[in-house]
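Note sheet for the following structure.
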Amino acid sequence: MSLKVLGISASPRADGNSDLLLKQALAGAQSANAQTEYVRLADLNIAPCVECNACYKTGKCRVDDDYQLISAKMLEADRLIFATPVFFMTVCAQAKLLIDRCQCLWAHKYVLKKPLVETAGRDRRAMAIAVGGSKSKKMFDSIRMTMKYYFDVLDMHYTANLFVNKMEDPAQIKKHPTAMKEALRLGAELIIAPKPPEKTIDVELT
Ligand SMILES: Cc1cc2nc3c(=O)[nH]c(=O)nc-3n(C[C@H](O)[C@H](O)[C@H](O)COP(=O)(O)O)c2cc1C
């Protein structure tokens with residue numbers, strides 16, 4: 001059975017820098033015989049978490065929108081590749097909407113103290129892709145922290161980062177000397193590696 005890889009693209013720019021890297025990472029996973037699915041958050045309708053805390057009793061989000069659909073996909077996947085641009089030093093709004101709605105999974109695990117049945121005993125791994133326009137690399141600190149808690153709530157091992165700075169124009173990433181190759185390589189590695197690395201693999205490119 002081939003592994004299922006879900007690619008989530010958070011950028012509002014279709015074929016923008018992070019989106020292109022994600023597609024390349026998915027191609028890498030495919031080259032290693034994984035089954036891939038690509039989802040663009042800009043195509044979905046995901047409302048913000050309103051902290052109603054209904055999930056503290058049920059472990060589920062009571063808001064019936066596209067979060068329900070993508071939540072099922074995230075829980076089913078063997079691998080997740082999450083791509084975001086850096087907006088104001090952190091993930092973009094589309095990414096944050098989805099991540100905040102995962103509060104119901106957090107409540108399920110840590111308030112109700114029930115394991116997620118869908119993920120129990122599985123080897124699930126996740127990789128983050130982020131692209132920023134400035135030369136600063138500090139912006140990736142906040143991405144790292146948010147991804148750590150997001151992947152943790154999904155019971156996914158935080159396997160790798162691909163971070164690229166100094167990319168502003170759409171599709172500028174195609175001209176980067178190594179970024180697209182690294183995305184392909186890391187996407188394949190996410191499937192091929194027999195076990196997750198002890199330490200998150202960090203690829204930061206300028
Ligand atoms: C609202 C907004 C906020 C941004 N904030 C930052 C920032 O804090 N740091 C940075 O380096 N680039 C920032 N950028 C630039 C984007 O990260 C950059 O253009 C990136 O290549 C976008 O990735 P994408 O093509 O995948 O959407 C910002 C752009 C926008 C539109």
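Remember, it's a predicted structure, so these values are computed and weren't measured experimentally. Just so it is clear, the values below take in all heavy atoms, side chains as well, and ignore hydrogens, waters and symmetry mates. Just follow the structure's listing: the first ligand is 1, and inside any ligand the first atom is 1.
- Against a heavy-atom cut-off of under 4.0 Å, Met167 is close to the following atoms of ligand 1: 18 (C), 19 (O), 20 (C), 21 (O).
- Taking atom 23 (O) of ligand 1 as the reference point, the nearest protein heavy-atom neighbour is Pro85 CB, 3.3 Å.
- Cluster annotation: Leu105 is not connected to Val63 through the hydrophobic network of ILVMFWY side chains, with a link wherever side-chain heavy atoms come within less than 4.5 Å.
- The distance criterion of under 3.5 Å between nitrogen or oxygen atoms is not met by Pro170 with respect to ligand 1.
- Against a heavy-atom cut-off of under 4.0 Å, Val131 is close to the following atoms of ligand 1: 17 (O), 20 (C), 21 (O).
- Less than 4.0 angstrom separates some heavy atom of Arg13 from each of these atoms of ligand 1: 19 (O), 21 (O), 22 (C), 24 (P), 25 (O), 27 (O).
- A donor-acceptor contact shorter than 3.5 Å links the side chain of Arg40 to the backbone of Pro12.
- Between the choices Glu168, Gln94, Met139, the shortest heavy-atom distance to atom 9 (N) of ligand 1 belongs to Met139.
- Counting heavy-atom neighbours within 6.0 Å of Arg62 CZ, excluding the residue itself, gives a total of 12 or less.
- Counting heavy atoms of neighbouring residues, nucleotides and ligands inside a 6.0 Å radius, atom OH of Tyr149 does not exceed 12 of them.
- Pairing each heavy atom of Ala42 with each of Ser11, the nearest pair is CB-O, 4.4 Å.
- Nearest protein neighbour of atom 17 (O) of ligand 1, counting heavy atoms only, is Val86 O, 2.7 Å.
- Around the CE atom of Met145, the shell of radius 6.0 Å holds no more than 12 heavy atoms that belong to other residues, nucleotides or ligands.
- In this structure, atom 26 (O) of ligand 1 lies nearest to the protein heavy atom Ser18 OG, 2.5 Å.
- Geometrically, ligand 1 and Gly132 share no nitrogen or oxygen pair separated by less than 3.5 Å.
- Here the side chain of Arg124 pairs no donor or acceptor atom with the backbone of Ala120 at under 3.5 angstrom.
- Between Gly133 and ligand 1, at least one N/O pair is under 3.5 Å apart.
- For ligand 1, the atoms sitting less than 4.0 Å from at least one non-hydrogen atom of Ser11 are 24 (P), 26 (O), 27 (O), numbered in the order shown with element in parentheses.
- Considering only non-hydrogen protein atoms, atom 5 (N) of ligand 1 sits nearest to Phe88 N, 2.8 Å.
- The number of heavy-atom neighbours closer than 6.0 Å to NZ of Lys96, taken from other residues, nucleotides and ligands shown, is 12 or below.
- Remark: minimum distance from atom 8 (O) of ligand 1 to any protein heavy atom is reached at Met89 N, 2.8 Å.
- Ring planes of Phe151 and Tyr158: perpendicular class, angle over 60° (limits at 30 and 60°).
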